[in-house]
Amino acid sequence: MELASKYNPADVESKWYQYWLDNGFFKSKPDGREPYTIVIPPPNVTGVLHMGHMLNNTIQDILVRRARMLGKNACWVPGTDHASIATEAKVVNKLAQQGIKKSDLSREEFLKHAWAWTEEHGGIILKQLRKLGASCDWDRTGFTMDETRSKSVIKVFCDLYKKGLIYRGVRMVNWDPKALTALSDEEVIYKEEHSKLFYLKYYVAEDDGKGETGAEGEVVHRDAKGRYAVVATTRPETIMGDTAMCINPKDPKNRWLSGKKVIVPLVNRVIPVIEDEYVDIEFGTGCLKVTPAHDVNDYMLGEKYNLTTIDIFNDNGTISQAAGMYVGQDRFDVRKQIEIDLDKAGLLEKTEAYTNKVGYSERTNVVIEPKLSMQWFLKMEHLAKIALEPVMKDELKFFPPKYKNTYRNWLENIKDWCISRQLWWGHRIPAYFLPKGGYVVAETAEEALALAKEKSGKELKLSDLRQDEDCLDTWFSSWLWPISLFDGINNPGNEEIKYYYPTNDLVTGPDIIFFWVARMIMAGYEYEGDMPFRNVYFTGIVRDKIGRKMSKSLGNSPDPLMLIEKFGADGVRMGMMLSAPAGNDILFDEALCEQGRNFNNKIWNAFRLVKGWEVNEQLAQPASAEIATKWFGMQLNKTIAEINDCFEKYRISEALMAVYKLFWDEFSSWYLEMVKPAYQQPIDKATYEKTLGYFETLLKLLHPFMPFITEELYQAIKDRDQKDSIMVSLLPKAEEVCEKKISRMETTKEIIAGIRNIRAEKGISPRESFEMYYKGDLDEKNNAVIEKLANVSKIEKATGDLGGATATFMVGTIEISIPLGNNINVEEEVKKMEEEIKYLEGFLVSVNKKLGNEKFVANAKPEVVENERKKKADAESKIATLKANIEKMK
RNA sequence: GGUCUUAUAGCUCAGCUGGUUCAGAGCACCUGCCUUACAAGCAGGGGGUCCUAGGUUCGAAUCCUAGUGGGACCACCA
């Protein structure tokens, strides 16, 4: 078989993915084995794969494939999220392009469009995951709005309602004027903004323009029209909703306003001046305008002082009838206009540049309007309580653990969760209103009817009930994901939920720790009485190589599929992992995928070498090969233990680096060179079989990271049964390691490197063989290896004087000398040795200083002191040797 | 403003309980090589005030304090 010198991933990737699918290797059913479960963080159903997904799913696939190869029953459940607001926004946009307004459609008609859109774009992302090699059990693919999941959501809603944890009420909520819905606090993103602070004049009502002068410390504003207060605001357009002005009772400069009434500028409404310590004396003028309908804190004041609320906004952010002016105009247009109007009327004292934080809708990116409205809420106190302790006690572990703090902080300051959304795409709230007021909550309309009859004591028909128009927050379905995927809500205690729950690892970004992770933990304990997953691995955010967040608008995000095409899925997976230490942001650079691809090629070429050997059964195993096979077995086990340790700590990129070095350095650069027969010569059987065995083990270790090339080569090593795939093979266990063999080989490598170095420095061809003499206790067991790799014809312990023409170097305390005949430059050698002596003498000084310090000798641990003494002796003996050598050369 | 986190080679990061695994890895860089698996390669090499200033200690990259510079999250300023 002639193999190309370059590996071509495109030739093999789809073939093996299909093979895995055809043989059902991704499938999982409960059985007697230990389960290993991951549920995918469901991507938006209509989304496309981005680099964040690549990272996330690569990690999950590595964990799942590894678990499978450890003999566990690995189950990775894929699925998608209906993404209520995001998807609805997309559908609304698409309809708008066709000239259709959502408001012109009935709920049913709109949902038809939404489902059509979902079917058209849905699941693209899952297909893309296949290209990456994701070993999900596709038969289990879930969707947050499929039948099982929907039923679960409704059931949970009713249950929480019955438990008194869900309530309905008018509250100040975050209103998205574009999507026309309420949002939870978590869906609001605060951005710093350069805006203006407007100073408005509020004249004192019934003031004759003369009035008294201010007392000590008071600041009284006055002009021809009378006395006035100045209020600083960033939102002058809300003055139509002002129903009070507030000062701090401890504020001397505004004392004179106490008990007065003032006139809202332009609006001319007379409002009271109230006093509350909430007002910051230092801010602006210390006078606050109170608009209870449009600011959270003002609302609080309104409640406290029983102020009237005037809602001056329509749902879409335009000014409402209630405002009485600027009706129908947009809030931001009015802000500009009212500035002009106030100024003209002499009611604007000044404006100042000002930086403040403004809340934006996470999804539609419009400025959030705090708004009073009737919504459904979930009480969080109980749920927060049951979710906190397991994480703080590390029963449920976070990687990296620093996120425990973030988690605790959120849970300890949690507010009730606004779960209703004024959207159609989602789970409709199962609340039914009675004709004469009141409502009932039930899983089905029929049950609701029964309850309604009971409640009203009257005969009612289904058509008399009106179901709540709102639907639930997307996260109200995703928080059940680890349970609902195994139907644990509808069918408690079923075989699957018992087997797969709690799941093992959750891999996700820290950006959804509140949205999703925390809430899943709550739901897990509430509904299963147990954690939803044992470990949470938080990935970093994928950034470009100069640290900018990858985003569509910056155009700095590569298309994952293009990357796969260019470097192969294995190369890209490796590129992602090389750059991804846990918890730190990932500075993604295509060069890392290139490194991944190069590594693939390295593996490929190592395979070409091994596979190209011809075996001669008569041949005895050469000594060098025997040493090599024994040593590499040890090295292999050592690295396996290292890898296991890395995985335990979720240091996945370090695990990869360990295999990488094992394959490239130890196996390819050292081992293969040791056992490689001369050109076109056959190899002995024992070495050949050992080597193939090692190769296969290496492939297994690499498989979780690079599934495709490893399957390709696993199959190419020999003919295998249809069902014999590397992905269902078992990883070797780490066996006892003989450290002595390993350290002996390290010495051997150093000697070889030293000799190669001499050749390089002197320009002597590798073909010209050397003799080697040594002083010190060199273990001669590896001599055959030195002879082969350094082209040394003879190794001997130096007995007498070697004469002048030798190059000498030290490996530990062993002195290696290579006679060079005419190739030597005595002066150069002496100079080199003198430099070494200088260094050693400096070293000695520091060691002697330490040993001369009585406190050190008295206080340090004995072994440390002993070590220092040894260092001293070694250095002294080295210096003596070097000095003797110099003498001889001269 | 609060909480947390971080600073080590040109870049990205390891460095555990303070001491020979103590200054490391990968990449990048430099110098030789188209040597017979691999130039997507091989063999070598250079490169760091371990952020700054104090402190604890016989001994500090490591522990403590402060400062400076990054980053993250939360929160209230109209």
Side-chain angles (χ1 to χ4, degrees), chain A residues 3 5-7 185 190 197-198 231-235 238 246 278-280 282-291 295-298 354 356-357 400 402-410 412-413 510-511 513-514 540-541 545-547 567 571 578-581 583-589 591-592 594-613 649 651 653-654 656-658 660-661 664 668-669 672-673 676 678-681 752-753 756-757 759-761 763 765-767 849-850 853-861 863-865 867-868 870-871 874:
Chain A
L3 293 173
S5 74
K6 294 211 166 38
Y7 170 62
D185 294 344
Y190 289 89
L197 200 52
F198 300 83
V231 171
T233 179
T234 52
R235 300 203 61 191
T238 63
C246 192
Y278 162 75
V279 176
D280 180 354
E282 301 304 318
F283 187 90
T285 57
C287 297
L288 172 72
K289 68 193 236 4
V290 184
T291 320
D295 181 279
V296 185
N297 296 297
D298 292 11
Y354 186 64
N356 65 339
K357 287 197 172 163
K402 65 178 175 187
Y403 289 110
K404 279 162 70 181
N405 278 317
T406 313
Y407 180 80
R408 189 185 62 213
N409 197 270
W410 187 71
E412 284 176 350
N413 298 292
D511 50 328
I513 183 168
F514 308 135
I541 293 165
K545 63 178 162 187
I546 54 172
F567 300 106
L578 280 176
S579 54
N584 285 330
D585 284 358
I586 285 103
L587 300 193
F588 181 81
D589 187 347
L592 291 162
E594 205 177 318
Q595 196 186 341
R597 180 200 59 185
N598 293 355
F599 185 44
N600 276 289
N601 207 44
K602 184 74 188 175
I603 300 168
W604 178 255
N605 278 298
F607 179 76
R608 281 176 64 216
L609 172 70
V610 173
K611 216 34 195 173
W613 286 335
K649 296 174 180 148
R651 298 175 151 207
S653 44
E654 273 177 55
L656 174 58
M657 189 46 72
Y660 177 80
K661 283 195 266 189
W664 201 308
S668 299
S669 298
L672 287 179
E673 293 300 328
K676 190 160 115 181
Y679 184 54
Q680 289 193 331
Q681 293 299 303
I752 294 166
R756 282 176 179 166
N757 216 350
R759 288 186 199 280
E761 273 173 19
S765 159
R767 282 179 245 271
K849 207 169 142 193
K850 251 190 200 180
N853 183 337
E854 280 170 38
K855 284 181 181 168
F856 170 74
V857 180
N859 294 330
K861 280 183 280 183
E863 59 266 35
V864 174
V865 178
N867 219 327
E868 290 300 314
K870 191 166 175 283
K871 271 154 68 175
D874 283 354

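So that the names make sense, note that chain A is the first sequence line, chain B the second, and so on, each numbered from 1. As the structure is a prediction and not an experimental result, all values here were calculated from the model.
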Output one line per pair: protein atom, nucleotide atom from nucleotides 20-23 of chain B, and distance, for all N/O pairs under 3.5 Å.
none

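Judged by closest nucleotide on RNA chain B, A/Ala678 is the one of A/Glu594 and A/Ala678 placed further toward the 5' end. Between A/Phe514 and A/Arg408, the residue whose closest nucleotide on RNA chain B is further toward the 5' end is A/Arg408.
Between the side chain of A/Gln595 and the base of B/A28 there is no donor-acceptor pair of N/O atoms closer than 3.5 Å. Applying the 3.5 Å distance criterion, the base of B/C38 shares a donor-acceptor pair with the side chain of A/Lys602. Between the side chain of A/Arg597 and the base of B/A40, a donor-acceptor pair under 3.5 Å is found.
Checking A/Arg597 against A/Asn600 by side-chain atom types alone, no donor-acceptor pair falls below 3.5 Å.
Taking atom CG of A/Leu592 as the reference point, atom P of B/A40 lies 18 Å away to the nearest angstrom. Atom OH in A/Tyr354 sits about 9 Å away from atom P in B/C77, given to the nearest Å.
Taking only side-chain nitrogens and oxygens, A/Asn605 never comes nearer than 4.0 Å to OP1 or OP2 of B/G41. The phosphate of B/G2 (OP1 or OP2) has no side-chain N or O of A/Trp410 nearer than 4.0 angstrom. Proximity of A/Asn598 to the phosphate of B/G41: a side-chain N or O atom is located under 4.0 Å from OP1 or OP2. Side-chain nitrogen and oxygen atoms of A/Lys676 include at least one within less than 4.0 Å of the OP1 or OP2 phosphate oxygen of B/A37. OP1 or OP2 of B/C27 sits under 4.0 Å from a side-chain N or O of A/Tyr660. Residue A/Asn297 places at least one side-chain N or O under 4.0 Å from the OP1 or OP2 atom of B/C77. The phosphate of B/A40 (OP1 or OP2) has no side-chain N or O of A/Asn601 nearer than 4.0 angstrom.
Distance check on atom P: B/C42 versus B/U6 gives 37 Å, rounded to whole Å. Here the separation of B/C51 from B/U31, taken at their C1' atoms, is 34 Å to the nearest Å. On the P atoms, B/A40 is 23 Å away from B/G45, given to the nearest whole Å.
Counting any heavy atom pair closer than 4.0 Å across all strands shown, A/Ala760 reaches no nucleic acid atom. Contacts of A/Lys661 with the nucleic acid, taken as non-hydrogen atoms under 4.0 Å apart, involve only primed sugar atoms and P, OP1 or OP2.
At least one side-chain heavy atom of A/Tyr278 sits under 4.5 Å from a side-chain heavy atom of A/Leu288.
Across all non-hydrogen atoms, the minimal contact from A/Leu578 to A/Met657 is CD2-CE, 3.6 Å.
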